[in-house]
Every structure is written in structure tokens, then in C-alpha cells.
2 protein chains.
Amino acid sequence: MEQVGSSERNRRSARGLSRDLVVDSALRFIDLHGAQGLSMRKLAQDLGVEAMSLYRYVTGREDILEAVVTRLLGGVTEALDTQLAQTWQGYLQTLAHTVRDLAMQHPRAFPLVATRHPAAPWLRPPLRSLDVVEHFLTTLTGFGFDDDRVVGVYRSFTSFLLGHLLLEAALHGAETSPVEEPMDEGDAQVGNRDADVVLPADSEVLRLRDKLSEDHGEEEFEIALETLLDRIELQVSQ
Amino acid sequence: MEQVGSSERNRRSARGLSRDLVVDSALRFIDLHGAQGLSMRKLAQDLGVEAMSLYRYVTGREDILEAVVTRLLGGVTEALDTQLAQTWQGYLQTLAHTVRDLAMQHPRAFPLVATRHPAAPWLRPPLRSLDVVEHFLTTLTGFGFDDDRVVGVYRSFTSFLLGHLLLEAALHGAETSPVEEPMDEGDAQVGNRDADVVLPADSEVLRLRDKLSEDHGEEEFEIALETLLDRIELQVSQ
DNA sequence: ACCTGAACACCGTTCAAGT
DNA sequence: ACCTGAACACCGTTCAAGT
């Protein structure tokens, strides 16, 4: 029951290579195998071509990774342009959810957005794109924030997104990811589905393990977002 | 005016290899050149030995990286054991600052602590160590938190640390890092010290660039930490 | 017991050469 | 104009061999 859907030009692109196609293909590859597994040679193979051909469209591997990030964040700018907000609260909420959707749809690519070295110190991950940051600053300024407050909000908002989404994406990506080791049967003091971590028999971690493993990503995100907005509101009204 | 100090057993360890020495050396290498640059061969060279010798003490590159993380977080447990706290607020404050100190002292190694795949879903970066998490859970339980609240605090506390420290470490690490490209002179529409980012002439980013580049890492960290503690206090008293 | 040489299967990237 | 073969300088890792 494999979906084939909208990716009919997957392999053997019949001689029509292009930068867009390379980046598309790279993103798809990363979604499946992670950025670590992406090599010029394997990517080329997916495209039915030799590795060296890619260098016509791309200056190298780093260029591809950067382009993938840009592609992902391009979607965020688009989303913000279509549904425009009436209040700064609405704007931040939409932006937060758009980025969260991105992280959930591309859990294995999101670490790139979140952890690649920013090109400049004012490009804070995961809002790692000039377009998005520009949009952010002009919008908040438009809602009456003065310079200091815009910058302050930018800082706290990015920290919030990074802290909440990177971890959630990692968990989400781990589930999706192919099993690397076929689970050695002999290490369990208790029923231990947690890979190679050995738990002492009388630990708090063990006692709280199930509760700790619960996924409350979404509601925690919502609550933390609300808290952040409240905090900003207080600053503004002062 | 180079400091030589306490690293007299740097290269050519005179035939006394050991796992600790390998991990030590790896951490020092990563502090200087980042984890990306670490190869078995170069690390071995630093130790005055061939690459294959390392496999006596270490199962491979991944094992080394994991051991470096463990070493770094081991220091956190120690710090917590020596100065023990009277209140949960004091505890969380000490822990937060200990992890922040770690991030600032090893900005190029900290991404490992923060972004490597956790071995289990309840090991949330950057508290990526069974010992630290166990310490955290027992301490808070000892201060009277019930199970749900301990777990909730664990979640929000880790998100807070990740969001604030990963970015700060990246900025801190970028300053320390060796210059990769010798800065092409011809791309500046304005005095542009920000690598290859080209700013449109009438952008908000350009106008706010200096303010955006200011480093308020520490005070933001303090403020956000206070806010978090306040929020927890509210939950507890309910 | 501890280290190594040689080898294997991979990398990214360059460049001259093919069509 | 677009693609490629061959080559270079690197990787991580294995294994039989040295001392």
C-alpha cells in the first residue's frame, strides 16, 4: 500500500537536471535517511546521473544543504503572506504553528534548519532566513513595537521555537527512522525497549519511565506559546 | 603569548594509550576544530599513533563522540554533588548555570550534547545522561514535587536550556572558530561584516542589524530562568 | 598485549575529455 | 551545453600480521 502520489519524477529524470530538481531530490533523501546519509554520489544515483554532474547546478554538498534549508523556510514566508494576521498575537501564533508544522513534516531535515551555523549573528535558528526575519521585524514594527521590543521578541521567540521543536522533531524523526541495530535481546533487567541504556533497578528514572516517555509535544508547545505571548503582552503594556 | 599550561601530555603520549586519554584528546580536538573536523586518523596523529590503535579502546568514531558527551555531563553531576541546594529553586538555578558554564566553556562540543540522538525518549537534551536525569528526578521529588509535576518540570527545564544555550554556544563558537573563507571584498552594498548575506538597502534587518547583533545572552538567560521558576512556583502552589 | 600495514568500500571535489 | 572517467586526497573500519 505504498503511496506514489506526486513524486513521479523520482529517479531517472530523463536528462532534465536543474538546481530545483537537485534540491527537491536532496530534501526527499534527507526526509528518508537523514542529512548524515546524504552523499553526492547517492543523490546523483537517485537522479540517474553521475555525481560530478551535480556540480553544474550546485557548488558542493554544503550548498545543497543550505538550499534545502532555504527551500523549507521559503514555505514559511509563503504561508505568512497568504493568511495575514490582524494582531501581533495572531501573527506570532500563525508563525509558531507554521514552523512547528514544518518541523513535524520534515523531522529529519529540521535539525538542519535549527543547528546549521547561521550566516550572520542576527539570523537566529530556526528563523534562519533573511526573508522570514525581515517579515517578522516589519510585521511587529507595524503593530507598534519599538525597536528594542521587536528585537527582544525576536530573541525570545526564536529561543522558544528552538527549545521546543528541535527535541520534538528528534523524537518524531527517531520513530520514522529505519532501525539501525536489530535490538540485542540480552540486556534487559526489566522489559527495556530503550535501546542500550541499562537502568539500575531502583532508580527514579525507571519508576517514572512511562510517564517520561509520554508525548505531550503539542499541548506543551501551546502552553509555552501562550505563556510567551502573555509575557510579551506584559512588557508591551509597561 | 600562547598558554601551554596543563596539557603537557598533548602529543606523543609515550606508549601509554588508554580510553580516557583518547576521549580527553577528542574533546580537546573538538574544542579547537569542531566535531565535524574530528577524524580517527587525525585524532590518532595527535596521540602519536596510527588510527587503528584507537580501536583497542573505543569501538569507533560514534563511541568517541558519545564518550565525549558523557565526560562533559559527568562534570555536571559532580558539580551538583558538591554544592547541594536548600531549595528547589536553588537547585534548578545551580543546574542551569552549571550547564550554561559547560556550554560556554565548550561551545564547539556543546552541539553534541544538545543535538545527538538521545538513546531513549526520556533522555532529553541537553540533560542527556542517565546520572544527571536521575539526580534531577530524585532531587525534585525530595523537595515534594509529585510525579506529574517532576516530569513537567523536567520537560520545560530541558526545553529552556536547549533553546537558550544551543544558540548562544553557536555564536560563541563562531567567534572562536578559525576563519574558513578569507572574506571576498566585493559583495558589500553597505559595510557588510556578515559573510555572504546580501542585505537589501531598505530592509528592517539592515536598520536593526546592530541591535540584533548585540549579545545579551547572559541576561536573557537569567530573565528567562526567573520566568520559568516563577511559572513553576505558580503550578506548585495550585 | 599492544600496535600496525595493507586493504576495502566508501567519501567530496577537480579537471580534462567526451558528445 | 551538458555530462562523465579518471584521478586525488581524504574517510571509517577490518583483519592478518608483526613485536
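Values in this document were obtained by computation on a predicted structure and should not be read as measured data. Proteins get letters first, then strands, A, B, ... in listed order; numbering begins at 1 in each.
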Without decimals, in angstroms, what is the distance between [X] [atom1] and [N] [atom2]?
| X | N | atom1 | atom2 | answer |
| --- | --- | --- | --- | --- |
| B/Leu54 | C/dT4 | CG | C1' | 12 Å |
| B/Gln36 | D/dG12 | CD | C1' | 15 Å |
| B/His33 | D/dC11 | NE2 | P | 13 Å |
| A/Leu43 | C/dC10 | CG | P | 17 Å |
| A/Met40 | C/dA9 | CE | P | 23 Å |
| A/Arg41 | C/dC10 | CZ | P | 10 Å |
| A/Gln45 | C/dC11 | CD | C1' | 14 Å |
| A/Met52 | D/dA6 | CE | C1' | 9 Å |

| said: How about CD on A/Glu214, more than 12 heavy atoms from neighbouring residues, nucleotides or ligands closer than 6.0 Å, or not? | reply: yes
| query | So what stems show up for DNA chain C if we need 3 or more Watson-Crick or G-U pairs in a row, all under 3.5 Å? | reply | C:4-8 with D:12-16, C:12-16 with D:4-8
| said: Quiz question: by atom type and distance under 3.5 Å, do the side chains of B/His172 and B/Asp215 form a donor-acceptor pair? | reply: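 There is no such pair (donor and acceptor under 3.5 Å, judged by atom type) between the side chains of B/His172 and B/Asp215.
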| Can you tell me if A/Arg124 and A/Ser159 form a side-chain donor-acceptor pair at under 3.5 Å? |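 Yes, side-chain donor-acceptor contact under 3.5 Å.
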| query | Between A/Glu134 and B/Glu204, is there a donor-acceptor pair closer than 3.5 Å when you use the side chain of the first and the backbone of the second? | reply | yes
| query | Between A/Thr77 (side chain) and A/Leu73 (backbone), is there a donor-acceptor pair under 3.5 Å? | reply | yes
| note | Expected list for residues 55-69 of chain B near DNA chain C, using heavy atoms below 4.0 Å, is B/Arg56, B/Tyr57
| request: Show your working on ring pair (Phe, Tyr, Trp, His ring centres under 6.0 Å) between A/Phe221 and A/Phe160 and close with a plain yes or no. | output: CA-CA 9 Å; A/Phe221 185 79; A/Phe160 157 75; 5.1 Å; yes
| message | Taking B/Glu168 first and then B/Arg100, would you say they form a salt bridge - that is, a charged N and a carboxylate O separated by under 4.0 Å? | response |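 Counted as a salt bridge, because a side-chain N and a carboxylate O are separated by less than 4.0 Å.
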| task | May I ask you to decide whether A/Arg71 forms a salt bridge with A/Asp24, counting only side-chain N to carboxylate O separations under 4.0 Å? | result | yes
| Is there a side-chain polar atom (N or O) of A/Lys42 under 4.0 Å from OP1 or OP2 of C/dC11? |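 Answer is yes, contact under 4.0 Å.
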| query | Nearest of C/dC11, C/dT13, D/dC3 to any side-chain atom of A/Ser39? | reply | C/dC11
| So, for B/His106 and B/Phe110, is the gap between ring centers shorter than 6.0 Å? |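 Between B/Phe110 and B/His106, which both carry aromatic rings, the centre distance is not below 6.0 Å.
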| field | First encountered from the 5' end of DNA chain D, between B/Leu38 and A/Glu50 | value | A/Glu50
